[in-house]
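Beneath this line is the structure, given in structure tokens, with notes to follow.
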There are 4 protein chains.
Amino acid sequence: MAADPLSPRKQPVQARSRALVEAILVAAARVLEQSGLEGFNTNRVAEAAGVSVGSLYQYFPGKTALLAALVRQDAAAFGEALTQAANQGATLRETAEALIDVMIAHQSERPALARALDFAERDLDLEHEDDTVMLALTQGALARHAAELPGVDFAEAAQDLMVIGRALSDSGIDPASLKRRLLRAVLGYLTGP
Amino acid sequence: MAADPLSPRKQPVQARSRALVEAILVAAARVLEQSGLEGFNTNRVAEAAGVSVGSLYQYFPGKTALLAALVRQDAAAFGEALTQAANQGATLRETAEALIDVMIAHQSERPALARALDFAERDLDLEHEDDTVMLALTQGALARHAAELPGVDFAEAAQDLMVIGRALSDSGIDPASLKRRLLRAVLGYLTGP
Amino acid sequence: MAADPLSPRKQPVQARSRALVEAILVAAARVLEQSGLEGFNTNRVAEAAGVSVGSLYQYFPGKTALLAALVRQDAAAFGEALTQAANQGATLRETAEALIDVMIAHQSERPALARALDFAERDLDLEHEDDTVMLALTQGALARHAAELPGVDFAEAAQDLMVIGRALSDSGIDPASLKRRLLRAVLGYLTGP
Amino acid sequence: MAADPLSPRKQPVQARSRALVEAILVAAARVLEQSGLEGFNTNRVAEAAGVSVGSLYQYFPGKTALLAALVRQDAAAFGEALTQAANQGATLRETAEALIDVMIAHQSERPALARALDFAERDLDLEHEDDTVMLALTQGALARHAAELPGVDFAEAAQDLMVIGRALSDSGIDPASLKRRLLRAVLGYLTGP
DNA sequence: AATGAATGAGGATTCATTCAT
DNA sequence: GATGAATGAATCCTCATTCAT
């Protein structure tokens with residue numbers, strides 16, 4: 001009965017429905033970006049999407065689910081981009097650079113949105129779910145350079161680097177120096193003292 | 001009129017007033033810890049403090065200000081503890097350990113509270129304000145070991161380490177391995193490749 | 001325009017239509033039984049019937065009409081069963097027993113449904129309409145035993161007994177003793193002091 | 001935490017508060033009487049009482065509780081009146097008359113309200129709670145005339161008579177003949193065949 | 001200064017009903 | 001006729017804030 005309040009209500013099959021869901025998500029992202037979690041409410045999102053509240057609730061069982069969908073959508077896109085990057089680079093440094101570039105790109109595109117989504121992800125305890133993919137990805141990328149990383153626990157390192165990467169890219173640090181500093185943190189962690 | 005909504009309304013001079021403010025803050029922390037930002041509301045806090053809402057508003061211009069006071073109080077306490085640690089340790093490693101111990105202690109004492117405060121700090125954009133002290137502190141600690149850190153930009157490093165330290169200690173990583181991993185991240189960053 | 005909101009919209013002539021109406025009514029009964037008046041809504045009924053809401057509205061002008069149809073259907077079935085019983089029994093007592101058996105059977109079959117329908121009947125002020133048949137029936141049954149009932153106003157008695165019978169059978173009284181008690185009430189009323 | 005949704009939220013101690021609660025209950029009764037359970041909603045009641053919704057919720061945890069309070073208030077008043085009557089009358093018939101007079105009075109004063117309250121009482125499953133007193137009362141009244149009632153199970157009879165009495169007085173029967181018919185039903189039940 | 005009752009805007013969610021396809 | 005997506009008014013309830021006492 002009381003279904004999962006974080007999952008969408010039904011899969012939009014028809015083309016029109018998919019467009020509607022898409023419109024809602026786009027509007028939701030905009031509202032979240034401009035007004036923060038504070039100002040994020042279903043009525044506002046529906047209005048911004050040019051849709052009735054009822055329609056919103058047709059596809060999302062509640063405010064939380066909408067937020068969760070946003071988070072997941074972003075995580076998925078991010079994961080995809082990371083996947084590309086993870087397989088690039090002949091050296092550890094090159095791979096690190098590729099991954100960092102993705103992180104920075106993701107974050108600098110819509111900083112306020114990225115921040116709010118990070119926020120929401122924690123709030124909804126969606127971290128674990130989303131991070132599994134990225135963790136695996138990162139771990140794989142590390143494993144590819146095992147030769148350069150003697151004695152490193154890949155699982156552990158992947159987790160730490162994920163946390164560090166996120167935190168730094170989301171910290172508001174001057175974008176110009178961000179890449180250099182992230183690189184330092186990552187390579188330092190891995191090949192450090 | 002439109003006064004700073006983040007600052008306390010007036011300095012409580014009388015002893016009784018100070019006690020009242022203290023009681024409110026203690027209660028606020030408890031409420032925040034137990035119910036999260038979601039359940040944090042002025043009526044609840046006032047009740048938990050055994051005080052009337054009116055009195056709460058006598059000393060805090062609004063909910064936000066109360067939250068801000070909590071954040072600042074915590075930051076101050078944290079800063080104090082860090083100050084102690086920053087001056088300890090003959091070697092860089094030792095100093096780093098001392099600082100990390102403080103971070104972990106601060107975080108592990110009331111994890112839920114620490115998390116919510118971190119949350120709130122960001123939400124209220126209080127980061128800059130609070131971090132100034134810690135930044136200076138960290139920077140000083142680094143400077144003390146300048147010999148071991150050739151070519152390091154202390155200001156920059158302090159900022160990065162602060163971010164990294166916070167993120168890792170708040171990440172929910174197994175407390176048992178947390179210190180080791182934090183140390184690795186910090187020393188790696190500083191003395192890395 | 002403002003048509004009677006309690007009457008069905010049109011007589012389903014086609015076989016398929018009749019089946020559809022039947023399916024809706026069956027589903028409606030089930031929903032009402034399982035979820036009460038509270039949870040009784042057109043969307044739910046339509047879904048339970050495996051029919052679109054639009055179709056439901058094709059045959060019933062509104063929620064109320066659907067409910068009314070349910071009430072009437074039940075009343076009709078009940079009336080039919082009573083008709084059988086009303087003509088049985090050589091003595092007053094025997095006839096009373098037959099009628100009471102029907103009442104109890106009707107009520108105990110789907111108690112929750114019976115209750116909700118009673119509820120709805122009152123809510124929609126359908127009592128008068130439905131009871132006409134039963135009243136006539138009861139009155140007839142009494143008349144058959146006029147010899148045993150000197151000085152009794154059959155119309156009045158029929159109404160009173162109807163009310164009493166319904167109330168008692170719907171009162172949640174232990175089914176084991178229900179018949180005896182109903183009999184006592186009825187015969188007491190009729191042949192009393 | 002999730003306290004009893006049927007009980008009031010706090011006892012109004014101050015005179016003003018009591019007046020407010022009283023005003024709310026009076027308004028609630030009026031709304032219920034005029035608009036039925038259908039149109040009974042907290043906003044409407046608050047408005048009718050000249051009070052803000054917030055104030056209503058200060059004293060009643062929800063719509064249901066408000067309704068329950070109304071039912072209980074009515075039941076209490078009714079019980080009180082019955083208590084008076086139950087001790088009157090030298091003969092069974094006289095006592096029965098006294099009780100029936102109270103029932104009729106209670107019902108005929110505000111018929112629509114009485115009906116809706118009966119309705120609500122069932123809806124909220126408050127029957128048992130309220131009826132205990134009346135049952136005991138009735139049982140006592142019967143016991144007082146035990147000599148006239150050989151072989152009668154007072155507990156059972158009290159329950160049956162309660163049900164019968166309510167049903168008849170609430171049935172919309174012509175008030176002029178109501179008393180006579182009720183008396184017949186009651187005495188018939190008790191002293192019948 | 002303290003109290004806490006009162007306010008009411010705001011926000012989540014439901015569901016009867018319509019109508020374009 | 002059938003469909004079911006879309007609508008949005010209606011309703012419940014919360015909580016930041018004020019103000020009379």
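Residue numbers start from 1 in every chain, and the chains themselves are labelled A, B, ... in the order their sequence lines are given, proteins ahead of strands.
Between B:Gly39 and A:Ser52, the residue whose closest nucleotide on DNA chain F is further toward the 5' end is A:Ser52. Position along DNA chain E of the nearest nucleotide to C:Thr42 versus A:Arg44 favours A:Arg44 as the more 5'-ward residue. Each of A:Phe40 and D:Gly54 was matched to the nucleotide of DNA chain E holding its nearest heavy atom; the match closer to the 5' end belongs to D:Gly54.
Minimum interatomic distance between D:Arg110 and D:Glu33 (heavy atoms only, all atoms of both residues): NH2-OE1, 2.7 Å. Looking at every heavy atom in both residues, A:Phe40 comes nearest to A:Ala28 through CE1-O, 3.6 Å. The heavy-atom pair separating B:Thr42 from B:Leu56 by the smallest distance is O-CD1, 3.7 Å. Nearest heavy-atom pair, B:Leu25 versus B:Phe60, reported as atom, atom and distance to 0.1 Å: CD2-CZ, 4.1 Å. Minimum interatomic distance between D:Leu126 and D:Arg72 (heavy atoms only, all atoms of both residues): CD1-NH2, 4.3 Å.
A salt bridge is defined here as a Lys NZ or Arg NE, NH1 or NH2 lying under 4.0 Å from an Asp or Glu carboxylate O, and B:Lys63 with A:Glu38 fails to meet this definition. Using a 4.0 Å cut-off between charged side-chain N and carboxylate O, B:Asp170 and A:Arg122 make a salt bridge.
Put simply, the side chain of B:Arg44 never gets that close to the backbone of B:Val31: no donor and acceptor are under 3.5 Å apart.
One interatomic measurement links the two molecules: CD of A:Glu47 to C1' of E:dG11, which rounds to 13 Å at whole-angstrom precision. Between B:Phe60 atom CZ and E:dA2 atom P the separation is 12 Å, expressed in whole Å. Atom CG in D:Leu56 sits roughly 10 Å away from atom P in F:dC12 (whole-Å rounding). When the C1' atom of F:dT17 is taken as reference, atom CG of B:Leu66 falls 14 Å away, rounded to whole Å. For D:Arg18 and E:dG4, the CZ to C1' distance is 17 Å, given to the nearest whole Å. Rounded to an integer number of Å, the gap from CD1 of A:Ile24 to C1' of E:dT13 is 15 Å. One atom, OH of C:Tyr57, and another, C1' of E:dA16, lie 4 Å apart when rounded to the nearest Å. In this entry the distance linking CD of D:Glu38 with C1' of F:dC12 reads 15 Å, nearest Å.
Among the nucleotides E:dG4, E:dG8, E:dA16, the one closest to the side chain of C:Lys63 is E:dA16. Candidate nucleotides F:dA2, E:dA1, E:dT18 were compared by shortest atom distance to the side chain of B:Tyr59, and E:dA1 ranks first. Closest to the side chain of D:Val51, out of E:dT7, F:dA16, E:dG4, is E:dT7. Distance from the side chain of C:Gln58 is smallest for F:dG1 among the nucleotides E:dA6, F:dG1, F:dA16. Comparing atom distances between the D:Asn43 side chain and each of F:dA9, F:dC12, E:dG11 picks out F:dC12 as nearest. Comparing E:dT7, F:dA2, F:dA16 against the side chain of D:Ser55 picks out E:dT7 as the nearest.
If you check every strand for non-hydrogen atoms under 4.0 Å, D:Asn41 touches sugar and phosphate atoms only.
With a cut-off of 3.5 Å on both pairing distances, the Watson-Crick and G-U wobble pairs of DNA chain F assemble into stems of 3 or more at E:2-21 with F:2-21.
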